[in-house]
Amino acid sequence: MMPEAALKELAARLLEEGLVDLFIGYGPGSLPLRSTPVFLRQAAGAGGLILGPTCENNLAPYLARFPGERVGLVVKACDARALVELIRENQVNRENLYVVGVPCRGVICRQKLEGRLAGRELTAGRIEGDAVRCGGHEWEEAIPLDQLVHPSCAHCRLPAPELFDVCLGDGEDPVAASGEALEARDARDAGARYREFSREMEKCLLCYACRQACPACYCPECFVDRSQPAWMGGSGDLSDCMLFHLVRALHVAGRCVDCGACARACPQRVDLRVLNRRLEQEARELFGFTPGLDPGHKTLPGSFRPDDPDDFVK
Amino acid sequence: MVGFIPEAELDRVLARLAGPYRLYVPVSCAGRVELGEWSPGIRPVLEGRAYGTAKQLFLPRSEELFAFGTHPDGTPRVVQPERDRRPLALFGLRPCDARAIGMLDQVFLGQDPPDDPYRERRQGALLMGLVCSRPGRACFCAQVGGSPAGTAGLDLLFTRIGGGFCVEAVSTAGEAHAAQEDWPAATAAQVAGAREIQQAAAPAAMATPGLAQELEARFEDEVWARLHEKCLGCAACTFFCPTCHCFDVMDAGSYDHGTRLRCWDSCMFPKFTLHASGHNPRLSGKERMRQRVMHKFCYYPLRFGPEACVGCGRCIEVCPVNLDIRAVLAELGGSE
Ligand code: SF4
Ligand code: SF4
Ligand code: SF4
Ligand code: SF4
């Protein structure tokens with residue numbers, strides 16, 4: 001059975017048999033090539049669930065809103081990694097979760113799509129095999145999916161969910177992430193990297209969509225929302241934006257699973273991977289730790305070994 | 001009188017404006033239409049509406065109201081910021097966006113006293129609109145009382161017909177400007193062409209009467225719990241909404257030396273209603289989303305008349321979880 005059909009059946013059964021109180025998945029969005037999170041409490045809605053490259057949101061951040069409820073959750077591989085971290089950090093109770101792992105070939109990067117459409121308005125879109133069929137006023141174009149996948153997906157080295165109760169599409173639809181090679185450590189000098197960072201930060205409006213979309217950003221009160229003392233101004237000038245993103249980066253270091261949900265949520269197309277991929281890389285290269293794997297391990301920020309490398313401490 | 005500007009003349013028309021005015025036009029920016037300052041060689045994009053709002057030109061994301069400090073003798077010192085005080089001119093504004101500026105005017109100018117920084121930017125501004133011949137995928141201006149050929153808030157209305165633009169003055173300021181420009185009159189055929197395009201764009205549906213009253217009675221309705229479910233609680237929708245105008249005033253610097261800033265704020269932020277006592281009357285996303293919807297479709301219309309939504313669709317486009325205000329209205333029994 002195709003994963004999407006299997007998902008509809010499974011969600012209906014879970015809700016019908018009362019195995020979950022709530023099922024969180026994706027439904028068709030109101031714009032072409034968009035999906036939208038759906039919250040089902042009755043089996044009747046399960047037929048509307050969808051899967052595929054439009055399912056760009058990470059649904060894990062929603063779990064915090066339903067403490068004590070048994071929740072069924074659709075996870076792509078990166079979402080599952082986020083879930084591993086949330087469980088490791090005692091933020092969600094594994095027992096209350098029914099995790100439905102789904103195959104993923106990468107989600108569409110709307111920014112890449114916009115660039116490709118060069119100002120033409122997309123009014124219809126559908127996925128057909130490996131092609132994204134796009135259409136608008138008096139034009140049509142088929143774009144290969146792998147040219148549109150989000151950079152986080154293109155670099156996803158772990159495209160099979162790590163954690164699940166059921167994994168749909170078991171093997172029949174092998175996960176075919178393009179698995180771009182591990183990035184080499186950025187060799188550019190600090191000045192060049194700072195300029196890139198500044199260029200991205202200049203676009204930021206401090207709307208906090210990135211933070212809100214991020215599974216690792218679950219603090220009930222973010223440091224930016226403190227007014228006594230105010231750790232940061234809210235004016236959205238460059239230094240505020242830099243401060244917010246640097247502190248956020250430090251807070252998600254060793255926990256960020258590079259799901260890219262933050263970058264996709266950004267209305268200003270800020271390339272947040274400028275920081276995130278670096279975090280992931282440092283955790284891996286310095287501490288041999290890949291966030292989102294190995295549920296038995298302690299949290300990275302919460303573990304200390306006397307022989308931890310420290311030559312970056314200057 | 002309806003004037004006519006041949007397509008090839010547009011550049012010269014804009015160039016003439018660019019000296020006395022700070023002129024903004026829709027420009028293409030990495031696949032998006034954005035409002036950008038015009039300079040020679042820039043060709044305005046005539047299709048689609050800008051991703052960002054014109055609001056940011058009148059009510060910037062952050063503005064310095066004044067700087068403060070002390071003179072050497074200890075007396076307080078207040079310094080007004082330097083600004084480019086040329087009036088703004090906007091070309092290619094969509095009718096929804098112009099209508100939204102009219103709503104900001106209500107809030108910032110229609111009160112006593114009016115808001116000085118806003119008035120400074122707004123005074124003398126020339127708003128040149130362009131009829132939408134093809135509404136976009138998220139547009140719903142007609143459902144909230146607007147029209148793709150609407151003139152509310154505009155000074156001049158441009159209608160693009162074969163070979164150029166028909167231009168009509170639709171305000172006193174627009175008439176004064178047209179008189180000064182002395183554009184050649186459009187031929188009868190050109191005027192007929194423009195009327196045809198305007199009529200084709202005219203509203204198909206009208207606003208829902210009585211929605212505001214109905215919503216007022218539904219403050220405690222169960223529907224809100226469901227409506228806000230997927231909302232992340234960011235400020236994307238409000239920051240990009242041309243009618244949202246909430247701001248925060250804060251000081252940067254120290255107690256005796258710094259700047260007072262006015263910055264956008266959002267009812268979607270928890271801090272927005274946080275009291276000094278620590279109490280927060282809008283405790284969860286449900287109350288905050290309800291506020292956003294109620295302000296637009298209940299409180300503002302009860303006070304000022306029309307909905308505080310012009311149907312531009314920006315909140316639909318920028319929402320990271322595709323929460324669609326049209327669907328929200330449909331659930332609430334409004335338009336769509
Ligand atoms: S910081 Fe971004 S990439 Fe990392 S876990 Fe959060 S949303 Fe995902
Ligand atoms: S989503 Fe984008 S614009 Fe909003 S705070 Fe994050 S980086 Fe800035
Ligand atoms: S943009 Fe969407 S997720 Fe963000 S506050 Fe608005 S409705 Fe909620
Ligand atoms: S609520 Fe949405 S559609 Fe209405 S004016 Fe604001 S951004 Fe536009």
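Within every chain, numbering begins at 1; the chains are lettered A, B, ... in the order of the sequence lines, protein sequences first and strands thereafter.
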Which atoms of [X] approach chain B - backbone, side chain, both or neither, heavy atom under 4.5 Å:
X: A:R41; value: side chain
X: A:L117; value: neither
X: A:R226; value: backbone
X: A:E56; value: side chain
X: A:L122; value: both
X: A:V38; value: neither
X: A:Y62; value: side chain
X: A:A213; value: both
X: A:L206; value: both

Measuring only between side-chain heavy atoms, which start at C-beta, is [X] closer than 4.5 Å to [Y]?
X: A:S30; Y: B:I316; answer: yes
X: B:N322; Y: A:L31; answer: yes
X: B:P320; Y: A:R264; answer: no
X: B:F239; Y: A:Q268; answer: no
X: A:C207; Y: B:F240; answer: no

Using modelled atom types only, decide if a donor and an acceptor are shared between the side chain of [X] and the backbone of [Y] within a distance under 3.5 Å.
X: B:Y51; Y: A:P267; result: yes
X: A:E114; Y: B:G31; result: no
X: A:R65; Y: B:E229; result: yes

- Quick one: which of B:E63, B:R226, B:R137 has the most heavy-atom pairs under 4.5 Å with chain A, could you say?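 The answer is B:R137.
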- Using a cut-off of under 4.5 Å on heavy-atom pairs, state which of B:S28, B:G48, B:S284, B:G136 scores highest against chain A.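 Top count of heavy-atom pairs under 4.5 Å with chain A: B:G136.
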Which atoms of [X] approach chain A - backbone, side chain, both or neither, heavy atom under 4.5 Å:
X: B:E47; value: neither
X: B:R134; value: side chain
X: B:E317; value: both
X: B:A30; value: both

- Task: Could you grab the distance from atom CG of A:D240 to atom SG of B:C263, nearest 0.5 Å is fine?
- Result: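 Atom-to-atom, A:D240:CG and B:C263:SG are 8.0 Å apart.
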- Could you check B:K271 against A:S227 for side-chain hydrogen bond (donor to acceptor under 3.5 Å, both in side chains), going step by step and ending with a plain yes or no? CA-CA 9 Å; B:K271 202 167 78 171; A:S227 47; 5.6 Å; no
- For residues B:K230 and A:P37, report the shortest heavy-atom separation together with the two atoms involved.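 Shortest heavy-atom separation between B:K230 and A:P37 comes out as CD-O, 3.4 Å.
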- Which heavy-atom pair separates A:R34 from B:V321 by the least distance, and what is that distance?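 Closest approach of A:R34 to B:V321: NH2-N, 4.2 Å.
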